[in-house]
Amino acid sequence: MARYDYTCGRCGVFEVVRPIDAPAPEPPTCATCGGAATRLYAPPALTSPRSALRRARDTAEASAHEPAVLHSPPAPPRRPARPPNPLHARLPKP
Ligand SMILES: [Zn+2]
């Protein structure tokens, strides 16, 4: 769905929600009084400010100028602890 913002001189700001493949209503009219309205343009909200993509982009940008220096290989990721398998008790002991 696409959201279009409009402002009416008498009623103020209102929004119109339409299917994404439908064009914006032209000429715009106020949903309340039917008078002339003006479309408001705003930047689309494509991502949240701290999305994973944003964090990855910030990390890549920071590493271009100040690469992190590692003195040892990074630790492998921790695996979740598994409950012991009771069948392991039956295995022959060395
Ligand atoms: Zn109006």
Side-chain angles (χ1 to χ4, degrees):
M1 300 299 274
R3 193 187 86 189
Y4 301 97
D5 293 330
Y6 293 92
T7 182
C8 171
R10 282 185 264 169
C11 306
V13 177
F14 64 95
E15 69 179 38
V16 176
V17 178
R18 298 183 51 114
I20 196 73
D21 60 344
E26 294 292 338
T29 56
C30 177
T32 304
C33 70
T38 304
R39 186 169 173 188
L40 300 175
Y41 293 94
L46 298 177
T47 60
S48 65
R50 295 305 307 166
S51 68
L53 177 61
R54 177 67 177 239
R55 284 194 304 272
R57 190 180 311 143
D58 290 347
T59 301
E61 186 175 320
S63 68
H65 303 290
E66 298 175 18
V69 178
L70 298 179
H71 298 287
S72 63
R78 289 184 150 206
R79 293 183 177 198
R82 293 184 190 176
N85 188 335
L87 297 177
H88 289 176
R90 291 193 202 166
L91 292 175
K93 306 289 184 219

d(Tyr4 OH, Tyr41 OH) to nearest 0.5 Å is 9.5 Å

In terms of heavy-atom contacts, Thr29 and Gly34 come closest through CB-O, 4.0 Å

CZ of Arg3 to CD1 of Ile20, rounded to nearest 0.5 Å, is 12.0 Å

The reported gap from CG in Asp58 to CG in Leu53 (rounded to nearest 0.5 angstrom) is 9.5 Å

- request: Using a cut-off of 6.0 Å, state whether more than 12 heavy atoms not belonging to Glu15 lie near its atom CD.
  value: yes

Between the SG atom in Cys33 and the CZ atom in Phe14, the distance rounded to the nearest 0.5 Å is 8.0 Å

